[in-house]
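Working notes, structure below.
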Amino acid sequence: MTAQGFDGVERRGLMFVLSSPSGAGKTTLSRMLLEREPGLKMSVSATTRPMRPGEVEGRDYFFVDKKKFETMVEHSELLEWATVFDNRYGTPRAPVEAALSVGQDVLFDIDWQGTQQLHQKASADVVRVFILPPSAADLEKRLHTRAQDSEEVIRGRMSRASHELSHWAEYDYIVVNHNVDDAFAEVQSILKAERLKRERRTGLTEFVRGLQRQLEK
Ligand SMILES: Nc1ncnc2c1ncn2[C@@H]1O[C@H](COP(=O)(O)OP(=O)(O)OP(=O)(O)O)[C@@H](O)[C@H]1O
Ligand SMILES: Nc1nc2c(ncn2[C@@H]2O[C@H](COP(=O)(O)O)[C@@H](O)[C@H]2O)c(=O)[nH]1
């Protein structure tokens, strides 16, 4: 489970989690990260919710019915799963394990329940980032601007937002998404810094020993 850093020092892959109330900007920030950060792979979730206009099977989600979802749970095919807004969502285990095993970092857009489950399983390798909207009015406006959910769905998501927010203190980093470019720069900095953490850089001892050998010649 090691990745080669840009400086040639090996390290363990990490699981980078973005959570927020619906509409705060996780999907937007995830797409920007995937475009600009090599070595990062998106975990594509399975869900029982209906496909939105513009969504693509296998890119945005694996859209499955309730029976299929239950079978995936029974067969331990999901690394974590939760019921969110009356639908089920879960992370397929195999692609995440495959990515980590070849040294890639994995990006998750999941809720607080899934984050807790991942953290219980692999706390040292999980980095948790919570995205806050600048205000309730902005959050509601963003859900409307996205124009992909009915009024009823938007009302449901707004009424759940306060409960989602109550989990903010379980996260390692908090980013307020006022301006998307600023929020992206902050999220990208977190990823870059976490990739450099001494504890994950399994190749450091060997690298430093090599330096010492050169210095002692
Ligand atoms: N900083 C921002 N300023 C204005 N609009 C934004 C900002 N960030 C994201 N948006 C817009 O807000 C809408 C919701 O964003 P997005 O779909 O990324 O949210 P999300 O957190 O992934 O929501 P969900 O949990 O429902 O999937 C989108 O139309 C997006 O373009
Ligand atoms: N615990 C999990 N939560 C997930 C997963 N995939 C997505 N989500 C969260 O669900 C809500 C709603 O998403 P939407 O696409 O319907 O707007 C959002 O908070 C996602 O983060 C998952 O695999 N596990």
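First listed ligand is number 1; within each ligand, the first listed atom is number 1. The model shown is predicted, which means the values in this text are computed figures rather than measured ones.
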- Applying a strict 4.0 Å limit to heavy atoms, is Gln113 in contact with ligand 2? no
- Note on the structure: Within 4.0 Å of some non-hydrogen atom of Ala82, the atoms of ligand 2 are 1 (N)
- closest protein heavy atom to atom 14 (C) of ligand 1 is Gly23 O, 3.5 Å
- Nitrogen or oxygen atoms of Tyr61 and ligand 2 under 3.5 Å apart: yes
- Would you check whether Tyr89 has a nitrogen or oxygen atom less than 3.5 angstrom from a nitrogen or oxygen atom of ligand 2? yes
- Query: Do any nitrogen or oxygen atoms of Asp111 come within less than 3.5 Å of a nitrogen or oxygen of ligand 2?
  - Reply: yes
- Which protein heavy atom lies closest to atom 22 (O) of ligand 1, and at what distance to 0.1 Å? Thr27 OG1, 2.4 Å
- Ring-ring centroid check His163 Trp112, cutoff 6.0 Å: yes
- Note on the structure: Counting heavy atoms under 4.0 Å, the part of Asp109 that contacts ligand 2 is both
- Task: Inspect the surroundings of NZ in Lys141 and state if more than 12 heavy atoms from other residues, nucleotides or ligands are less than 6.0 Å away.
- Result: no
- Message: Show me which atoms of ligand 2 lie under 4.0 Å from any heavy atom of Thr91.
- Response: 23 (O)
- Note on the structure: Out of Pro21, Ser22, Pro133, the nearest non-hydrogen contact to atom 26 (O) of ligand 1 is supplied by Ser22
- Query: Does ligand 1 have an atom that lies less than 4.0 angstrom from a heavy atom of Arg31?
  - Reply: no
- Kindly say whether Leu33 contributes a backbone atom to a donor-acceptor pair with the side chain of Gln188 at under 3.5 angstrom? no
- Message: Between Arg49 and Glu55, does any side-chain N to carboxylate O distance fall below 4.0 Å?
- Response: yes
- Quick one: does Gly90 get within less than 4.0 Å of ligand 2, heavy atoms only? yes
- For ligand 2, indicate whether the residue Arg160 contacts it via side chain, backbone, both or neither (heavy-atom separation under 4.0 Å). neither
- Is the closest basic N to carboxylate O distance between Glu37 and Lys192 below 4.0 Å? yes
- Under 3.5 Å, side chain of Asp105 to main-chain N/O of Leu14, donor-acceptor pair present? yes
- Verify side chain to side chain contact (heavy atoms under 4.5 Å, CB included) between Ile190 and Val129, making sure each step is shown before the conclusion. CA-CA 9 Å; Ile190 296 166; Val129 183; 4.2 Å; yes
- Gln117: heavy atom below 4.0 Å from ligand 2, yes or no? no
- Which protein non-hydrogen atom lies closest to atom 19 (O) of ligand 1, naming both residue and atom, and how far is it? Gly25 N, 3.2 Å
- Message: Give the atom numbers and elements of ligand 1 that come within less than 4.0 Å of a heavy atom of Arg157.
- Response: 26 (O)
- Does the Asp172 side chain pair with the main chain of Arg128, one donor and one acceptor, at a distance under 3.5 Å? yes
- Task: May I ask you to identify the nearest protein heavy atom to atom 3 (N) of ligand 1, giving residue, atom name and distance to one decimal place in Å?
- Result: Arg142 NH2, 3.3 Å
- Asn179 contact mode with ligand 1 (heavy-atom cut-off under 4.0 Å): backbone
- Query: Within less than 4.0 angstrom of ligand 2, does Phe108 place any heavy atom?
  - Reply: no
- Task: Provide the number and element of each atom of ligand 2 under 4.0 Å from a heavy atom of Arg49.
- Result: 14 (P), 15 (O), 16 (O)
- Select one of side chain, backbone, both or neither to describe which atoms of Ser20 lie under 4.0 Å from any atom of ligand 1, heavy atoms only. side chain
- Message: Test of understanding: given a 4.0 Å heavy-atom threshold, classify the contact between Glu80 and ligand 2 as side chain, backbone, both, or neither.
- Response: side chain
- Looking at atom 1 (N) of ligand 1, what's its closest protein heavy atom, distance included? Asn177 OD1, 2.8 Å
- Task: State the atoms of ligand 1, each with its element, that fall below the 4.0 Å cut-off from a heavy-atom position in Lys26.
- Result: 18 (O), 19 (O), 20 (P), 21 (O), 22 (O), 23 (O), 24 (P), 25 (O)
- Which atoms of ligand 1 sit under 4.0 Å from any heavy atom of His178? 1 (N), 2 (C), 3 (N)
- Closest approach of any protein heavy atom to atom 19 (O) of ligand 2, naming residue and atom: Lys26 NZ, 3.8 Å
- Distance-only, no hydrogens or angles: does the Arg88 side chain make a donor-acceptor pair with backbone N or O of Ala82 under 3.5 Å? no
- Quick one: look up the protein heavy atom nearest atom 24 (P) of ligand 1 and list residue, atom name and how far away it is. Arg146 NH1, 3.4 Å
- Could an N or O of ligand 1 be found under 3.5 Å from any N or O of Leu143, whether backbone or side chain? no
- Query: Can you tell me if Phe85 has a non-hydrogen atom under 4.0 Å from ligand 2?
  - Reply: yes
- Item | Test: Glu80 and Arg93 ion pair at under 4.0 Å | no
- A student checking ligand 2 against Gly114 at a 4.0 Å heavy-atom cut-off should list atoms 1 (N)
- Message: Can you tell whether the side chains of Glu35 and Arg31 come within less than 4.0 Å, N to carboxylate O?
- Response: no
- Message: With the threshold set at under 4.0 angstrom, would you say Arg157 reaches ligand 2 through any of its heavy atoms?
- Response: yes
- Out of Asp109, Asp182, Thr28, indicate the one that has the non-hydrogen atom closest to atom 30 (C) of ligand 1. Thr28
- Return yes or no for this condition: an N or O of Thr145 is under 3.5 Å from an N or O of ligand 1. no
- Item | Asp111 side, atom CG; Ser20 side, atom OG - distance, nearest 0.5 Å | 10.0 Å
